Amino acid sequence: MAVSGIVQDRLNATDINVQMVGEKPYAIAYWSAGKNYAAGEALTKKSKSGWTIVKMTNGNFTGSSLQTLGVPASTSKLLVADLKRAGR
């Protein structure tokens, strides 16, 4: 729920239907376009102080783009596979 909340806050959209996949300590939230926002994805990371958004995009994250953002290669591969299984 915390990841959904930070995405809603950033997009200023309370009607957004956020879904997500995760591999600790990362999660990728994704959503379809709505009335006042485009479809997109958000890479988030959990720390001791809670979840933060690392990067938001209107595109799709790839293994290499996640690695560029600091996600370890093994974790980025798992996240991309999770997104594919989720139909993203």
Side-chain angles (χ1 to χ4, degrees):
M1 192 60 152
V3 171
S4 179
I6 63 171
V7 170
Q8 288 178 0
D9 286 348
R10 177 72 63 91
L11 295 174
N12 195 27
T14 57
D15 63 336
I16 191 169
N17 181 15
V18 177
Q19 298 179 40
M20 66 191 91
V21 297
E23 298 291 340
K24 291 182 181 180
Y26 297 95
I28 296 177
Y30 57 94
W31 58 92
S32 298
K35 185 176 179 184
N36 296 315
Y37 52 86
E41 294 182 353
L43 173 65
T44 62
K45 184 176 182 183
K46 188 171 186 178
S47 66
K48 290 181 182 182
S49 60
W51 288 97
T52 57
I53 294 175
V54 176
K55 172 84 175 173
M56 291 181 83
T57 179
N58 288 337
N60 296 324
F61 287 113
T62 63
S64 61
S65 67
L66 291 170
Q67 289 174 44
T68 300
L69 295 169
V71 179
S74 59
T75 305
S76 67
K77 288 178 186 175
L78 292 171
L79 286 166
V80 169
D82 292 343
L83 285 169
K84 286 182 183 176
R85 274 193 298 280
R88 186 72 179 156

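For clarity, every value in this text was computed on a predicted model and none was experimentally measured.
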(message) If hydrophobic clusters are built by linking Ile, Leu, Val, Met, Phe, Trp and Tyr wherever their side-chain heavy atoms come under 4.5 Å apart, do Tyr30 and Leu11 end up in the same one?
(response) no

(request) Would you name the heavy atoms of Asn58 and Ala39 that are closest together and state the gap between them? (result) OD1-O, 3.2 Å

(request) Could you check if a side-chain atom of Asn17 sits within less than 4.5 angstrom of a side-chain atom of Gln19, using non-hydrogen atoms only? (result) yes

(request) Give, for atom CG of Leu66 and atom OH of Tyr26, the distance between the pair rounded to the nearest 0.5 Å. (result) 9.5 Å

(message) Using the rule that Ile, Leu, Val, Met, Phe, Trp and Tyr join whenever any side-chain heavy atoms are under 4.5 Å apart, tell me whether Leu43 and Ile6 fall into a single cluster.
(response) no

(message) Distance check, rounded to the nearest 0.5 Å: Gln8 atom CD versus Asp15 atom CG?
(response) 8.5 Å

(message) Grouping I, L, V, M, F, W and Y whenever their side-chain heavy atoms are under 4.5 Å apart, do Leu69 and Ile28 come out in a common cluster?
(response) yes

(request) Tell me, with the steps shown, if Arg85 and Asp82 meet side chain to side chain contact (heavy atoms under 4.5 Å, CB included). (result) CA-CA 5 Å; Arg85 274 193 298 280; Asp82 292 343; 2.4 Å; yes

(message) To the closest 0.5 Å, what do you measure between CZ (Arg88) and CD (Glu41)?
(response) 4.5 Å

(message) Please report the interatomic distance CZ(Arg10) to OG1(Thr44), rounded to the nearest 0.5 Å.
(response) 11.0 Å

(request) Answer yes if Val21 and Trp51 sit in the same cluster of Ile, Leu, Val, Met, Phe, Trp and Tyr residues linked by side chain heavy atoms under 4.5 Å apart, and no otherwise. (result) no

(request) Taking all non-hydrogen atoms of both residues into account, name the closest pair between Ala29 and Val3 and its distance. (result) CB-CG1, 3.8 Å

(request) Verify whether one side chain among Ser76 and Gln67 offers a donor that lies under 3.5 Å from an acceptor in the other. (result) yes

(message) Hydrophobic clusters here meaning ILVMFWY residues chained together by side-chain heavy-atom distances under 4.5 Å, can you tell me if Tyr37 and Phe61 are in one?
(response) no

